[in-house]
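Since the model is a prediction, treat every value here as computed from it, not as a measurement.
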Amino acid sequence: MSTVTTPDTRSPEARPALPDGSAWSRWANAHRKWLFAAPAMAFVAVLIIFPVAWTGYLSLTDAEGSVRAESEFIGFQNYLDVLADTDRFWPAVWRTVAFTGVVLLFEVVLGMAIALLLWRPFRGERWVRVAILLPLVATPVAVGMMWRLIFDPNIGMANQVLSWVGIGPQPWLSGQHSALPTTMFIDVWQWTPMVVLILLAGLTSLSDEPQEAALIDGASTWQRFRHVTLPLLMPTVVVAILLRGIDALKTFDILYATKGRGGGSFHEVETLNVYAYGLSFDYNDYGVSSTVLIIFFLIIIGVMWALTYRKKGLQR
């Protein structure tokens, strides 16, 4: 004979306490979201804190030759020497800022334009999206080697195409003044699709009602974009700038794959990452390279804080 169970309609306060209602169980149940995430957070913290702390320690020593070799504590002397270096450090800072700013500007503008084109469905939309995302498939080193062959001054396809329209060969990556803009172009070619994905996801999440209201009021396409779409999409744009900006600041593989050691013979594409890598693995000067990395790390933290603060301001 089956038993019919009636639901307990009493309020939570009127229900009897569970037998195993210890203080620990109640505390764990109240903070369960933090307890579940604690192991992963601790693991990530160890992976971040130990390398940063060790690098910070090396930056205060004269370590060179080997990280296991004896070194002396010299305080902030490395920082004073690095900040006074106008031959390699400050030009590397300028190239890092210039590289990041230029590629970020082009990638956000082009990414926005392409995302707007893909926002509304059209015939062959899937094939166009696949073609746009192809640059993301290859690794940055492979992309750098591919474009190095394309821009080769002797056998490269780029100069052959220019010769068809009557333009002479260009130095591209081999030129002292053209190498940095060329690497910027390579980075824009590969990473613009990432910005397209982020902005397209933001566009598809927008409601159609503001667009329809603006259309009824007689707003033009540009007015709807400027006064409706862009303000609503701005938090997503800031996220794209944050993610891509931090990644562009740390660009190394494309630069090293195209120009090699030292960022070229005249250090024409030597950013802070390339500079620190050369100090560590070419000259084994771990104290100075750690100093450069700590300064670079502080720059990245500052940029992240500024963009995050801007994103919170837009969400209010």
Original post:
Are Arg244 and Asp247 within salt-bridge range, i.e. N to O under 4.0 Å?
Top reply: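 Yes.
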Looking at [Y], is its backbone amide N or carbonyl O close enough to the side chain of [X] to form a donor-acceptor pair, meaning the two atoms are under 3.5 Å apart?
{"X": "Glu64", "Y": "Asp62", "result": "no"}
{"X": "Glu268", "Y": "Phe266", "result": "yes"}
{"X": "Trp191", "Y": "Glu107", "result": "no"}
{"X": "Glu212", "Y": "Glu209", "result": "no"}
{"X": "Asn78", "Y": "Leu60", "result": "no"}
{"X": "His31", "Y": "Trp27", "result": "yes"}
{"X": "Arg32", "Y": "Asn29", "result": "yes"}
{"X": "Thr192", "Y": "Trp189", "result": "no"}

Subject >> Identified side-chain hydrogen bond (donor to acceptor under 3.5 Å, both in side chains) partner of Trp172 from the options Thr182, Asp152, Asn159 >> reply: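 Considering Thr182, Asp152, Asn159, a side-chain hydrogen bond (donor to acceptor under 3.5 Å, both in side chains) with Trp172 is found only for Asn159.
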Ignoring hydrogens, what is the shortest heavy-atom contact between [X] and [Y]? Give both atom names and the distance.
{"X": "Pro153", "Y": "Ser174", "result": "CG-OG, 4.2 Å"}
{"X": "Leu199", "Y": "Gly111", "result": "CD1-C, 3.8 Å"}
{"X": "Leu58", "Y": "Ala63", "result": "CD2-CB, 4.0 Å"}
{"X": "Val292", "Y": "Ala276", "result": "CG1-CB, 4.1 Å"}
{"X": "Pro135", "Y": "Ala131", "result": "CD-O, 3.9 Å"}
{"X": "Leu279", "Y": "Ser289", "result": "CB-CB, 3.5 Å"}

State yes or no: do [X] and [Y] share one hydrophobic cluster built from I, L, V, M, F, W and Y residues joined by side-chain heavy-atom distances below 4.5 Å, directly or via other members?
{"X": "Ile114", "Y": "Ile198", "value": "no"}
{"X": "Ile300", "Y": "Phe50", "value": "no"}
{"X": "Leu200", "Y": "Val239", "value": "no"}
{"X": "Tyr283", "Y": "Ile74", "value": "no"}
{"X": "Leu80", "Y": "Val93", "value": "no"}

A side-chain contact here means heavy atoms from C-beta on lying under 4.5 Å apart; do [X] and [Y] qualify?
{"X": "Leu232", "Y": "Pro210", "value": "yes"}
{"X": "Ile132", "Y": "Leu118", "value": "yes"}
{"X": "Ser178", "Y": "Gln170", "value": "no"}
{"X": "Asp81", "Y": "Val288", "value": "no"}
{"X": "Leu197", "Y": "Leu136", "value": "yes"}

Check the surroundings of atom [atom1] in [X]: do more than 12 heavy atoms from other residues, nucleotides or ligands lie under 6.0 Å from it?
{"X": "Met146", "atom1": "CE", "result": "yes"}
{"X": "Phe122", "atom1": "CZ", "result": "yes"}
{"X": "Arg126", "atom1": "CZ", "result": "no"}

How long is the span from the [atom1] atom in [X] to the [atom2] atom in [Y], to the nearest 0.5 Å?
{"X": "Leu133", "Y": "Met194", "atom1": "CG", "atom2": "CE", "value": "12.5 Å"}
{"X": "Arg261", "Y": "Ser265", "atom1": "CZ", "atom2": "OG", "value": "11.5 Å"}
{"X": "Trp147", "Y": "Ile186", "atom1": "CH2", "atom2": "CD1", "value": "7.0 Å"}
{"X": "Leu293", "Y": "Ser280", "atom1": "CG", "atom2": "OG", "value": "6.0 Å"}
{"X": "Asp85", "Y": "Arg88", "atom1": "CG", "atom2": "CZ", "value": "8.0 Å"}
{"X": "Met157", "Y": "Leu162", "atom1": "CE", "atom2": "CG", "value": "12.0 Å"}

**OP:** Under 4.5 Å between side-chain heavy atoms, chaining through other members, with only Ile, Leu, Val, Met, Phe, Trp and Tyr counted: pull out the rest of the cluster around Phe281, sorted by chain and number.
**Re:**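 Direct or chained contacts put Phe281 with Trp94, Phe99, Val102, Val103, Phe106, Leu110, Leu180, Met184, Val188, Phe252, Leu255, Tyr256, Val269, Val274, Tyr277.
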Original post:
Do the ring planes of Phe89 and Tyr275 sit parallel (below 30°), tilted (30 to 60°) or perpendicular (above 60°)?
Top reply: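 Tilted.
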Original post:
What class does the angle between the rings of Phe76 and Tyr79 fall in, given that below 30° is parallel, 30 to 60° is tilted and above 60° is perpendicular?
Top reply: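 Ring orientation, 0 to 90° scale: tilted.
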**OP:** Start with the C-alpha gap between Thr291 and Tyr286, add the side-chain angles, then the distance that decides, and say whether side chain to side chain contact (heavy atoms under 4.5 Å, CB included) holds.
**Re:** CA-CA 8 Å; Thr291 302; Tyr286 299 110; over 6 Å; no
**OP:** Determine, stepwise, if the pair Lys259 / Arg148 fulfils side chain to side chain contact (heavy atoms under 4.5 Å, CB included).
**Re:** CA-CA 9 Å; Lys259 293 298 295 180; Arg148 184 176 180 177; over 6 Å; no
**OP:** Assess whether side chain to side chain contact (heavy atoms under 4.5 Å, CB included) is satisfied between Glu72 and Thr61, documenting all intermediate values.
**Re:** CA-CA 5 Å; Glu72 296 183 2; Thr61 67; over 6 Å; no
**OP:** Start with the C-alpha gap between Lys250 and Ile246, add the side-chain angles, then the distance that decides, and say whether side chain to side chain contact (heavy atoms under 4.5 Å, CB included) holds.
**Re:** CA-CA 7 Å; Lys250 303 186 287 82; Ile246 299 303; 3.9 Å; yes
Subject >> Among Asn273, Thr251, Ile299, Thr271, the one residue meeting side chain to side chain contact (heavy atoms under 4.5 Å, CB included) with Thr96 >> reply: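 Filter result, single survivor: Thr271.
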**OP:** Examine the side chains of Gln211 and Thr229 and answer whether a donor and an acceptor come within less than 3.5 Å of each other.
**Re:**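 Yes.
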